[in-house]
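Numbering of residues begins at 1 and proceeds along the displayed sequence. In this text, all values refer to a predicted model and were calculated from it rather than measured experimentally.
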Amino acid sequence: MTQGRSQQNELLTFKIDSENAGARLDAYLAAKIPDWSRARLQRLIDDDDVLVNSKPAKPSYKLRVNDEVEIELVASTATSFTPEDIPLEIIYEDDAVAVVNKPAGLVVHPAAGIHSGTLANALSFHFQQLPSSGDVPRPGIVHRLDRDTSGLLVVAKTESALEKLADQFRERTVFKSYIALVHGLVKAESGKIDQPLARDSGNRTRMAVVKGGRGAISIFHVRRRYQRFTLLDVELKTGRTHQIRVHLSWLKHPVVGDETYGGGRDNSVPDARLRARIRNLGRHFLHAERLGFVHPVTQTQMEFTAPLPLELSELLNDLDERE
């Protein structure tokens, strides 16, 4: 077994030997990952977060010798975390959910090599400070944002809320819209990127468009064009790791400030001052601006908006002055 790491998730890879050949995929994973229930593993398989020989498989798939099973343990459980007094911007909160405006630079969930300083640690501290007649609520991380992506996240405070929100994400009824500034002039006013994603075979810390990978759909609309950049609204229909960044890079319009998928485009900006400003952002220009979901208790449609962080709005102001 080998382990890798994405921003907040743990990646495990298993090579099937003769002793395990013939076992069902779901049963094999349940035995190998005892800390995860079979129901949770089943959801990962259904969501194409489990691949066999780089392709999605059914829970009933019978394993064969030398099969390679890859599973991304998507953080989505109400777990106990060490409380840490980290400042939080909480947009909304009640007894069942909290909506947080995450800053860039904050990892959502502890993962391999990251055990503290995360959003989950901050929420654990915050929940401890709340008046409570019973158990202190624990943060249920339903979805995630990359470390250097800012914006809105919904967090479940009870197991029931966690399950109901997770169902909405699985059924793709949650509305998630991002603002992205990308290199180049996007010609189409809108478009749909429907390209499957999987681990880059040449670099396991990166994702790539790969035939036979997990289904991934992003829908974009042009908000504004600048001389050398385009401001986009991007709606996620799926939630794959690094999805928007990989899809826009595949479109040849990488996100500004994205050192992983930008292909060096930041260094090609001709204006030295603007080039330095992008370099000094210390993040990529991607912000989860809007979030909508059905409240797991009241069944009310909830909608939230988070304005651009100051460093991103100031960069747009700079571009405005150059027009």
CZ (Arg223) with more than 12 external heavy atoms under 6.0 Å: yes
Check Asp26 with Arg24, please: is the shortest side-chain N to carboxylate O separation under 4.0 Å? yes
Regarding Asp271 and Arg228, does a basic nitrogen lie under 4.0 Å from an acidic carboxylate oxygen? no
Quick one: side-chain contact (heavy atoms from CB on, under 4.5 Å) partners of [X], sequence neighbours excluded?
X	result
Thr298	His295, Thr300
Ala166	Arg170
Ala216	Leu197, Thr238, Arg240, Gln243, His247

Look only at the side chain of [X] and the backbone of [Y], and say whether a donor-acceptor pair between them is shorter than 3.5 Å.
X	Y	answer
Thr230	Val182	no
His284	Glu259	no
Gln168	Val294	yes
Thr149	Leu145	no
Ser249	Val246	no
Tyr28	Ile16	no
Asn121	Thr82	yes

Under the side-chain hydrogen bond (donor to acceptor under 3.5 Å, both in side chains) test, residues paired with [X] that sit two or more places apart:
X	answer
Lys164	none
Tyr226	none
Asp67	Asn53, Tyr61
Glu68	none

Distance-only donor-acceptor pairs under 3.5 Å for side chains of residues 301-308, two or more places apart:
none

Give me each pair satisfying side-chain hydrogen bond (donor to acceptor under 3.5 Å, both in side chains) with a member in residues 175-188, each pair once, sequence neighbours excluded. Ser177-Arg290, His183-Asp266
Which atom names give the shortest non-hydrogen contact between Leu51 and Pro56, and what distance separates them? CD2-N, 3.5 Å
Calculate, to the nearest 0.5 Å, the distance between atoms [atom1] and [atom2] belonging to [X] and [Y] respectively.
X	Y	atom1	atom2	result
Tyr92	Leu291	OH	CG	12.5 Å
Ile244	Leu236	CD1	CG	4.0 Å
Lys237	Ile193	NZ	CD1	14.0 Å
Lys157	Leu165	NZ	CG	13.0 Å
Leu88	Leu119	CG	CG	6.0 Å

Can you list everything that forms a salt bridge (Lys or Arg N to Asp or Glu O under 4.0 Å) with [X]? Sequence neighbours excluded, please.
X	value
Glu189	Arg225
Asp194	none
Arg275	none

Check Arg283, Lys102, Arg245 against Asp146 for a salt bridge (Lys or Arg N to Asp or Glu O under 4.0 Å) and give me the one that passes.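 It is Arg245, the one option of Arg283, Lys102, Arg245 that forms the salt bridge (Lys or Arg N to Asp or Glu O under 4.0 Å) with Asp146.
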Ring centres of Phe285 and Phe229 under 6.0 Å apart?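 No, the ring of Phe285 stays outside the 6.0 Å limit from the ring of Phe229, centre to centre.
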